[in-house]
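The next block holds one structure in the form of structure tokens; read it before the comments.
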There are 2 protein chains.
Amino acid sequence: MTNPSQHLKTAEIEKISHLEYFNIGVSVDCVIFCYDDKQLKVLLIRSDLEEFSGLNSLLGDLVRPDEDIDNASYRILKERTGMDDVYLEQVQAFGAIDRHPSGRVITIAYYSLIDIKNHRLQLDNNELNWYPVSQIRKMAFDHKLIIDSCLKRLQDQILDNPIVFNLLPHKFSLRELQELYEAILGVKLDRRNFRKKIAIKDWLEDVGEMEEDVPHRPGKLYSLKAEYRKKPNRHKIPAPKALTS
Amino acid sequence: MTNPSQHLKTAEIEKISHLEYFNIGVSVDCVIFCYDDKQLKVLLIRSDLEEFSGLNSLLGDLVRPDEDIDNASYRILKERTGMDDVYLEQVQAFGAIDRHPSGRVITIAYYSLIDIKNHRLQLDNNELNWYPVSQIRKMAFDHKLIIDSCLKRLQDQILDNPIVFNLLPHKFSLRELQELYEAILGVKLDRRNFRKKIAIKDWLEDVGEMEEDVPHRPGKLYSLKAEYRKKPNRHKIPAPKALTS
DNA sequence: CCTTAATGTGTAAAAAGTACATATCTTCGA
DNA sequence: TCGAAGATATGTACTTTTTACACATTAAGG
């Protein structure tokens, strides 16, 4: 009737850590969304595992023992995209026994929203590319499942929380915003009803400018009100804590 | 630009598993809800860690290397309550560096809904008890945070999904159901509007019986329609898979 | 048999969501 | 420079959902 995970004293951890319990790897996988060419896209990399040759996988890495899991996902994002002020949110853990062909690795899935226009990242590396979510089929590992879970979470959140603006430039037109919602939700929306709904939320302010270089009548530009634009916490990597091992 | 978690070949895993990366423990913690005495309660155990002396903690355990994380939470529930056909759902992982005083342990939180009336479990062990959610203050580890997250998830789900019935006996009155919703959501509901809303969902069927032994006019009894009563998947513990270690 | 305490039920008003059409502005090409 | 094309901007009637609210009925208990 006691709880082994509580029971562990320092000495005991040392004793068993290299035996049964601590033989599980923990990784973080990031579903990095962007909005480009009127499509919701995800950043994927060609898998370098033989078992998954020809398939893509998410960006991920093992969590370091002295690293918070949120920080691990920020680190991956920073390493891959160079960006560090991004929206990131944990979705859930995936822990099927055979999800990793090389051993037991439990992964924690995060999704991220970035503005591709502001941060043009170097994709010279042709192993790393953006793929439209709607066209993603087979993936390495359980990554298709992870993407689906993250997309669903995103869809559930955009109606109540002003988060999609992380996918857009600072200034945008209502048409762009509507097309983004349509891309995420996978439905067509009525323009007048959409504008009414957005107006009620009172998230936006008119920046007093108009679209430029569009081949039609330009629309007004808006931006998210500052009060909703709160930066995510700075995720400094803290000094390593003295560990027991 | 490569992904260490993918890179791992069997030999490499063996080489590093006892070094840096695999020195993280993975546990599962269960927020086991029941409904009793018109209150939502959680099953807690007195912590046996010195650091948390006098505090309660959730029921949890380390995940075994050959065990699916969902199965780990079922195992804990089975061990602690004797029940194995329960509603269980993962919420998220908690992975702050210093959340466990004895070392690095990442935990995955689940919540569970059980009907205390049907399965009277032996609480002779006075280290293990039910506590009203509304009265829980300080907890061992980050378990207060975990309980709050699980409660929020539960609150978000009960309006759309017929899951609260896992907390009730097979037959129940609409008053009992309403009181349960009130206990979970922490608000008072209007009786007529509540009944209308439940009627629209069409989840219930009249069992043709009345309450008994109540000190007032008895109400009709209802039960959840069979089509919504789908048992959770049987979670057999699978044969251990050959592992690399 | 009278009191108490709960069950059971409907309607009107307000709010939110949906369907839908016309005038205006800018570009572009004839 | 004029007209056509294509997008912006906007309001209203209709439907659905949500909310607020009161009274007759039933069984238990003294």
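Below, chains carry the letters A, B, ... as their sequence lines are ordered, and counting in each starts from 1.
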Atom NZ of A:Lys220 to atom C1' of C:dC25: distance rounded to whole Å? 13 Å

Identify the heavy atoms of A:Arg175 and A:Arg195 that sit nearest to each other, and give their distance. N-NH2, 4.3 Å

Go through the N and O atoms of the side chain of A:Arg191 and the base of D:dA9, and report whether any donor-acceptor pair is under 3.5 Å. yes

Under 3.5 Å, is there a donor-acceptor pair between the A:Thr107 and A:Ser27 side chains? yes

Atom NZ of A:Lys188 and atom P of C:dT18: how far apart are they, to the nearest Å? 16 Å

For A:Arg192 and A:Pro218, take the nucleotide of DNA chain C holding the closest heavy atom to each; which residue's nucleotide lies nearer the 5' end? A:Arg192

Starting at the 5' end of DNA chain D, which residue's closest nucleotide do you reach first, B:Ile200 or B:Asp190? B:Ile200

Distance in angstrom units between A:Leu177 CG and D:dT8 P, rounded: 12 Å

Length of the line joining A:Asp213:CG and C:dT26:P, which is rounded to integer Å: 15 Å

Could you check B:Lys196 against B:Arg217 and say which one's nearest nucleotide on DNA chain D is further toward the 5' end? B:Lys196

Mark yes when over 12 heavy atoms from residues, nucleotides or ligands other than B:Glu227 sit less than 6.0 Å from its CD; otherwise mark no. yes

Nucleotide D:dA4, atom C1' - distance to NE2 of A:His216 in whole Å: 16 Å

Would you say the side-chain atoms of B:Tyr111 and B:Gln157 include a donor-acceptor pair closer than 3.5 Å? yes

Side chains of B:Asn161 and B:Tyr228: is there a donor and an acceptor less than 3.5 Å apart? no

For B:Glu211 and D:dA28, give me the distance from atom CD to atom P, rounded to whole Å. 12 Å

Kindly say if A:Arg175 contacts the phosphate of D:dA7, meaning a side-chain N or O under 4.0 Å from OP1 or OP2. no

Looking at C:dA19, C:dT9, D:dT10, which one has an atom nearest to any side-chain atom of A:Asn193? C:dA19

Taken to the nearest whole Å, CZ/B:Phe194 to P/D:dT17 is 18 Å

For A:Glu212 and D:dA7, what is the distance between atoms CD and P respectively, to the nearest whole Å? 19 Å

For C:dG8 and B:Arg195 - does any side-chain N or O of the residue sit under 4.0 Å from the phosphate oxygens OP1/OP2? yes

